A.B. asks: 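Below is a structure I'd like to ask you about.
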Amino acid sequence: MIKVLNVAEKPSVAKSVATILSRNQLRVRDGRSRYNKIFEFNYSINGQQCHMLVTSVTGHLMEVEFEDRYRKWHSCDPADLYTAPIRKHVPEDKLDIKRTLEEEARKCHWLVLWLDCDREGENIAFEVMEVCRGVNRNLTIRRARFSALIERDIHEAAQNLIAPNQWFSDAVDARQEIDLRIGASFTRFQTMLLRDRFVIDSAQDDKNLVLSYGPCQFPTLGFVVERYWEIQSHEPEEFWTINCTHRSDEGLASFSWMRGHLFDYTSSVILYEMCVEEPTATVMKVQQQEKLKYPPYPLSTIELEKRASRYFRMSSEQTMKVAEDLYQAGFISYPRTETDCFSSRTDLHTIVQEHQEHPVWGSYAQRLLDPGTGLWRNPSNGGHDDKAHPPIHPTKFSAGESRWSQDHHVVHFLLLVSTFAWQSFFSFWSNLAVMAFTESLKFSYSHFLQRLYELVVRHFLACVSQPAVGAETVVEIDIAGERFSASGRVILAKNYLDVYRFESWGDSMIPVYVQGQQKSDGMKLWAKLKHVRALDMFNPTALTLDSGVTRPPPLLSEADLLSCMDKAGIGTDATMHDHIKKLLDRFYVTKDANTRFSPTNLGEALVMGYDDMGYELWKPNLRSLMEYDMKEVSMGNKSKAEVLATCLQQMKACFLDAKVNKVKLLEAMAIFFNRSDRSNGDDSSALGENVRPCGLCQEANMVLRKNRDGNFMVGCSGYPQCRNAVWLPGPVLEATITNNICNSCTPGPVYLIQFKFRQLEIPPGFNVNHLGCVGGCDETLRQLIEICGTGSRAQARGRPTTTTPSNGPPTTTPRNPQRSNSRQAPCIYCYQTGHASTDCPSRISATRHVQSHGINQQNGESSIPCSTCGTPCVLRTANTANNRGRKFYSCSSQACNFFVWEDNLNNGSAPRSAPRPNISNSASNPSRTGGRGRGVQNAGRAAGVTFVSATGEPISGRRCFVCGDPSHFANACPSRGS
DNA sequence: GCAAGGTC
């Protein structure tokens with residue numbers, strides 16, 4: 001009998017496959033890993049009797065890493081990481097699984113791979129193959145291709161085994177390598193460049209702060225920053241709209257102006273006056289139609305995360321944790337799925353049947369199953385299918401498990417923690433506090449479990465329900481040539497909305513209207529029978545000219561962020577929440593109570609730095625291009641080697657360029673953070689840039705450094721073990737390592753340095769700019785050192801004299817930090833000693849303002865309380881074409897959109913609005929005043945009137961722009977009218 | 001100390 005080793009991607013799949021193939025006639029035994037059991041049974045594959053062993057891995061078995069020589073951060077120039085050798089190996093925590101595979105593979109003839117049928121799954125398959133082949137070269141290897149864990153699919157897959165797909169696996173290998181090289185190089189570069197130079201206040205422990213860069217995390221950060229900049233640069237603009245209301249016995253109708261709104265006040269007033277003078281409204285059109293509101297598509301992971309965030313304010317990370325636990329406990333299907341359509345083979349009725357007994361939604365489930373109600377509808381297709389998992393749906397009935405909170409392993413963990421705490425504390429009160437804390441965690445976790453389960457069940461029931469039906473009436477009227485419209489809706493059948501309580505679709509009744517000139521006898525009769533007075537003409541109850549201001553978009557919510565990532569292909573359904581969490585963990589963003597994200601100073605500075613360099617490293621395009629290439633590899637259109645070569649070459653060029661332009665990052669950081677004295681405490685600060693391999697210790701690299709006096713040297717990164725150093729001429733003002741390599745000096749490569757000298761300190765005949773080599777071949781450097789020394793101030797302090805042989809390189813001398821540490825020269829800006837000119841506090845404070853795109857926000861200047869919400873306003877400077885340089889106050893609360901131009905503030909009196917340029921004398925404009933006055937009287941407008949923004953959202957809580965009084969708006973302000 | 005992707 002042939003012995004077949006079957007390997008699945010996860011234990012649950014191994015169990016399902018084994019159960020289906022064996023028809024539940026199987027034996028289970030433990031492997032070396034406690035989670036990955038081995039199932040045994042007999043099975044026939046294409047008539048061949050087989051003894052099947054089914055086991056699993058837990059996702060990827062291997063990790064890709066740099067060779068040991070490159071693992072330490074200072075071991076090499078980060079640029080070397082684009083070519084440093086890498087290896088794929090099984091990490092410590094996966095060794096048990098590896099051993100199980102080896103032991104079983106030795107005894108088997110065939111290896112059948114049941115990994116998920118996507119690119120990652122294929123790659124894991126090759127990892128499993130590598131391990132198994134390592135101990136049994138004669139294995140026959142086959143791949144099982146299945147799209148769902150249902151009997152038909154699994155049996156079909158077992159009888160139609162195919163060959164593994166090398167292209168799919170190659171695509172993942174390429175992705176892994178690119179991610180590692182880009183991520184590690186940029187992370188090391190920006191961390192070493194910035195961490196010690198600035199006081200980054202967000203971090204508790206600066207020493208361990210890592211400023212990571214990743215091809216997924218940075219574009220995610222980019223979305224947050226971009227929206228923040230959009231808000232910052234938004235300049236509120238006042239607009240005007242005419243509103244008409246009509247109240248009759250049958251109700252109230254609010255007609256909105258079909259022009260929407262106008263930004264030109266005079267035009268608005270003219271049109272408004274025309275309406276006021278001829279206010280009779282003629283009904284021009286009455287349109288009645290049936291409207292359907294469809295239930296959502298079946299639930300995918302991203303949709304689950306978005307909805308849980310929207311409905312329950314759960315973070316995506318929390319949602320995935322809770323969903324995983326529900327899945328482990330068997331209550332819901334696999335929670336990581338892109339699929340939003342059910343297979344025609346899924347038995348949807350049985351799932352609904354299970355819920356008939358539920359105390360809350362049981363009766364709805366019963367109605368669904370009753371053909372007489374006509375409530376059932378086959379779910380619609382969302383158009384996504386990952387071919388591995390069905391949409392998330394309930395798999396086990398629960399009537400609200402009170403035991404969830406006690407049974408669950410997460411709670412077990414919490415209990416363990418509390419037990420530990422119990423043993424650690426002796427005080428009774430401490431124990432009580434720990435117990436209370438544990439209880440509250442249990443309660444809140446159980447609460448999350450129940451809410452998410454409810455969402456999954458209700459969503460599923462909604463999917464198989466008819467859409468809600470409404471009768472909508474749209475009425476169009478004409479007043480003095482201006483068109484207005486109002487709509488009303490009557491819900492005829494709620495259908496899915498009965499169970500999907502998270503969505504609503506309200507009734508809004510309006511009086512009955514009929515089209516003017518066409519009121520037929522039939523219509524009159526109908527109106528009479530209905531006891532309503534059908535109107536074809538009427539006089540508005542109120543006709544108002546209302547003002548509003550355009551508002552910036554809101555900060556990105558978690559659901560918005562997930563949508564952005566999904567749309568741009570950043571991350572996968574299983575990892576998106578990880579990227580969001582990483583931004584929070586790295587102090588790049590913060591999340592407020594409304595689940596809205598703002599960048600921190602650190603996040604904004606990093607994006608600003610790269611943006612100023614002109615790179616789109618923080619935009620999603622890079623990842624999209626990579627994804628495109630990966631797809632090409634998986635389809636066999638491009639080879640892995642080809643994609644790796646081009647992509648890494650481009651990224652290395654980009655990285656080297658970023659290094660050259662690192663000053664942009666430093667400048668951006670300097671806007672938000674104070675310089676740190678940590679980097680000055682040392683003799684010199686490492687720029688982390690490789691100049692050449694160290695010829696003395698032959699282990700580390702020589703890197704370019706600048707000491708606190710501003711003098712440059714090239715020292716071994718192995719300091720203090722290796723004290724090899726090359727001192728550079730004193731007049732060096734700037735030194736930047738280039739990508740050019742010296743042709744003659746060894747050991748190489750020796751990168752040439754672009755020098756800029758202080759004009760007044762170099763002898764005549766020498767050029768201010770010089771591309772030099774520190775390897776020993778550079779005659780110019782040698783002569784300059786001979787003439788000028790290696791820094792007059794350092795020499796004056798008695799640093800070891802540098803000898804410069806006439807025909808040799810600048811001398812290598814041991815460094816002596818103690819002797820080069822003192823600094824006496826006064827700062828050129830403030831004439832104080834104790835700091836370098838580059839770190840002068842007077843300069844830092846002068847440049848320390850937050851600079852955003854479109855807005856210069858000046859901190860520390862006097863502010864006024866917002867007249868709308870009382871939150872302090874921030875003084876900003878407009879940077880738009882029309883108002884560049886003009887200052888305005890805007891409310892610092894995100895929930896409020898108050899703003900006022902500074903030049904309109906009247907000696908500290910209440911803020912008033914800025915007149916628009918084309919109506920600068922509008923306060924004394926009789927037509928404007930007259931129009932407004934009559935309007936107010938006509939309309940009888942009350943304080944509760946709502947402003948509507950440009951995006952159609954109501955703006956609540958606004959006050960008059962002119963005097964701040966909430967009882968009226970700017971257009972009705974008595975002060976302006978007079 | 002670094003990425004992103006699987007998964008317990």
Side-chain angles (χ1 to χ4, degrees), chain A residues 8-15 31 33-37 56-66 70-76 78 81-82 84 86 88 90-91 93-94 96-97 115-116 118-128 169 171-192 195-196 203 205-220 320-321 323-325 327-328 334-336 386 388-389 409-410 413 565 569-579 581-582 585-586 617 622-623 626-627 630 651 655 688:
Chain A
E9 189 159 322
K10 42 191 165 276
S12 62
V13 172
K15 189 178 178 186
S33 152
R34 61 183 284 215
Y35 299 110
N36 306 82
K37 309 279 183 202
S56 55
V57 286
T58 48
H60 276 288
L61 187 58
M62 296 181 167
E63 276 179 11
V64 58
E65 254 303 352
F66 292 111
Y70 295 87
R71 297 279 285 280
K72 286 219 154 73
W73 279 35
H74 288 283
S75 64
C76 64
L81 297 178
Y82 285 90
I86 55 170
K88 221 175 169 183
V90 180
D93 62 337
K94 297 284 175 73
D96 282 344
I97 298 174
L115 286 307
D116 291 355
D118 52 21
R119 293 205 303 242
E120 296 294 335
E122 209 64 31
N123 190 262
I124 300 170
F126 277 78
E127 293 171 0
V128 171
S169 177
V172 173
D173 278 341
R175 182 206 45 81
Q176 288 178 336
E177 187 172 336
I178 292 168
D179 283 346
L180 176 66
R181 292 188 189 281
I182 296 177
S185 59
F186 273 95
T187 300
R188 290 184 189 182
F189 161 66
Q190 62 187 28
T191 304
M192 293 193 290
R195 183 177 59 192
D196 291 337
D205 183 2
D206 287 353
K207 293 260 175 206
N208 293 325
L209 180 71
V210 172
L211 306 182
S212 64
Y213 175 90
C216 284
Q217 52 179 274
F218 248 58
T220 308
M320 289 314 290
K321 195 173 244 172
E324 177 68 27
D325 289 338
Y327 162 67
Q328 292 293 336
Y334 189 68
R336 285 178 285 275
D386 63 15
H389 305 286
H409 69 264
V410 169
F413 170 75
M565 296 170 75
I570 303 296
T572 68
D573 51 325
T575 60
M576 282 184 191
H577 66 276
D578 284 335
H579 301 312
K581 184 171 182 291
K582 182 144 278 178
D585 291 346
R586 296 285 189 219
L617 288 168
L622 177 68
R623 190 68 184 178
M626 276 171 60
E627 279 299 322
M630 297 310 111
M651 281 312 297
F655 178 80

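For clarity, every value in this text was computed on a predicted model and none was experimentally measured.
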A.B. asks: Taking CD1 from Ile178(A) and P from dA3(B), how many angstroms apart are they, rounded to a whole number?
C.D. replies: 17 Å
A.B. asks: So Phe186(A), base contact, sugar-phosphate only, or nothing? Heavy-atom distance under 4.0 Å.
C.D. replies: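 Nothing: the residue Phe186(A), judged by heavy atoms under 4.0 Å, touches no strand.
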A.B. asks: Measuring to OP1 and OP2 of dA4(B), would you say a side-chain N or O of Arg181(A) lies under 4.0 angstrom away?
C.D. replies: no
A.B. asks: State which of dA4(B), dG1(B), dA3(B) makes the closest approach to the side chain of Arg195(A).
C.D. replies: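 Selected nucleotide: dG1(B).
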A.B. asks: Mind checking Arg119(A) for me? I need base, sugar-phosphate or nothing, with any heavy atom below 4.0 Å counting as a touch.
C.D. replies: nothing
A.B. asks: Do we count Trp73(A) as stacking onto dG1(B) if the rule is ring centres under 5.5 Å and planes under 30°?
C.D. replies: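 Yes; by the centre-distance and plane-angle rule, Trp73(A) counts as stacking on dG1(B).
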A.B. asks: When you measure from the side chain of Arg188(A), which nucleotide among dG5(B), dT7(B), dC2(B) comes out closest?
C.D. replies: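 Side chain of Arg188(A) sits closest to dC2(B).
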A.B. asks: Looking across every strand, which nucleic acid part, if any, lies under 4.0 Å from Leu180(A) by heavy atom: base, sugar-phosphate, or nothing?
C.D. replies: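 Base contact - Leu180(A) has a heavy atom under 4.0 Å of at least one base atom.
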A.B. asks: Within this structure, what is the CZ-to-C1' distance between Arg175(A) and dG5(B), rounded to whole angstrom?
C.D. replies: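 In whole Å, dG5(B) C1' lies 5 Å from Arg175(A) CZ.
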A.B. asks: Taking for each residue the nucleotide of DNA chain B with the nearest heavy atom, is it Gln217(A) or Pro11(A) whose nucleotide lies nearer the 5' end?
C.D. replies: Gln217(A)
A.B. asks: Rounded to the nearest 0.5 Å, what separation is found between the CD atom of Glu120(A) and the CG atom of Asn123(A)?
C.D. replies: 6.5 Å
A.B. asks: With a cut-off of less than 4.0 Å, is there a side-chain N or O of His579(A) near OP1 or OP2 of dG5(B)?
C.D. replies: yes
A.B. asks: Between dA3(B), dT7(B), dG5(B), spot the one nearest the side chain of Asp116(A), thanks.
C.D. replies: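 So the nucleotide nearest the side chain must be dT7(B).
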A.B. asks: Let me know the distance between CG of Asn123(A) and C1' of dA4(B), rounded to the nearest Å.
C.D. replies: 12 Å
A.B. asks: Can you check whether Lys582(A) has a side-chain N or O nearer than 4.0 Å to OP1 or OP2 of dA3(B)?
C.D. replies: yes
A.B. asks: Closest heavy-atom contact between Ser33(A) and Ile97(A)?
C.D. replies: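 Taking Ser33(A) first and Ile97(A) second, the nearest heavy atoms are CB-CG1, 3.7 Å.
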A.B. asks: How would you label the contact of Gly59(A) with the nucleic acid (heavy atoms, under 4.0 Å): base, sugar-phosphate, or nothing?
C.D. replies: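 Base contact - Gly59(A) has a heavy atom under 4.0 Å of at least one base atom.
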A.B. asks: Return no unless some side-chain N or O of Arg336(A) is found under 4.0 Å from OP1 or OP2 of dG6(B).
C.D. replies: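 Result: no.
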A.B. asks: Contact class for Thr58(A) (heavy atom, under 4.0 Å): base, sugar-phosphate, or nothing?
C.D. replies: base
A.B. asks: Tell me every residue that passes side chain to side chain donor-acceptor pair (under 3.5 Å) with Asp116(A), counting only those two or more places apart in sequence or in another chain.
C.D. replies: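 Side chain to side chain donor-acceptor pair (under 3.5 Å) check on Asp116(A) returns Lys10(A).
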A.B. asks: Which is true for Val64(A) with a 4.0 Å heavy-atom rule: it touches a base, it touches only sugar-phosphate, or it touches nothing?
C.D. replies: base
A.B. asks: Who pairs with Lys72(A) by side chain to side chain donor-acceptor pair (under 3.5 Å), at least two apart in sequence or on another chain?
C.D. replies: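 Lys72(A) satisfies side chain to side chain donor-acceptor pair (under 3.5 Å) with no other residue.
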A.B. asks: Determine the contact category for Glu65(A): base if any of its heavy atoms lies under 4.0 Å from a base atom, sugar-phosphate if only primed atoms, P, OP1 or OP2 are that close, otherwise nothing.
C.D. replies: base
A.B. asks: Rounded off to whole Å, could you give me the CE-to-C1' distance for the Met576(A) and dG5(B) pair?
C.D. replies: 13 Å
A.B. asks: Just N and O in the side chain of Ser185(A): are any of them under 4.0 Å from OP1 or OP2 of dC2(B)?
C.D. replies: no
A.B. asks: How long is the line joining NE2 of His577(A) and P of dT7(B), in whole Å?
C.D. replies: 11 Å
A.B. asks: Of the options dA4(B), dT7(B), dA3(B), whose atoms approach the side-chain atoms of Tyr334(A) most closely?
C.D. replies: dT7(B)
A.B. asks: Between P on dG6(B) and CG on Asp93(A), what's the gap in Å once rounded to a whole number?
C.D. replies: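 Distance, rounded to whole Å: 17 Å.
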A.B. asks: Please tell me if Ser212(A) has a side-chain N or O lying less than 4.0 Å from either OP1 or OP2 of dA3(B).
C.D. replies: yes
A.B. asks: Determine whether Glu127(A) and Lys88(A) satisfy the following criterion, salt bridge (Lys or Arg N to Asp or Glu O under 4.0 Å), listing intermediate values before the conclusion.
C.D. replies: CA-CA 9 Å; Glu127(A) 293 171 0; Lys88(A) 221 175 169 183; 3.2 Å; yes
A.B. asks: If only side-chain N and O atoms count, and only distance matters, is there a donor-acceptor pair under 3.5 Å linking Ser12(A) with Tyr334(A)?
C.D. replies: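 No - no donor-acceptor pair under 3.5 Å links their side chains.
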A.B. asks: Parallel, tilted or perpendicular for Phe655(A) and Phe186(A), by the 30°/60° rule?
C.D. replies: perpendicular
A.B. asks: Calculate the interatomic distance between Phe218(A) atom CZ and dA3(B) atom P; express it in whole Å.
C.D. replies: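 Spelled out: CZ on Phe218(A) to P on dA3(B) is 11 Å.
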A.B. asks: Using atom CG of Leu622(A) as one end and atom C1' of dA3(B) as the other, report the distance to the nearest whole Å.
C.D. replies: 12 Å
A.B. asks: Students often get this wrong, so: under 4.0 angstrom with heavy atoms, is Gly121(A) touching a base, only sugar-phosphate, or nothing?
C.D. replies: nothing
A.B. asks: Among the candidates dG5(B), dC8(B), dG1(B), find the nucleotide nearest to the side-chain atoms of Thr191(A).
C.D. replies: dG1(B)
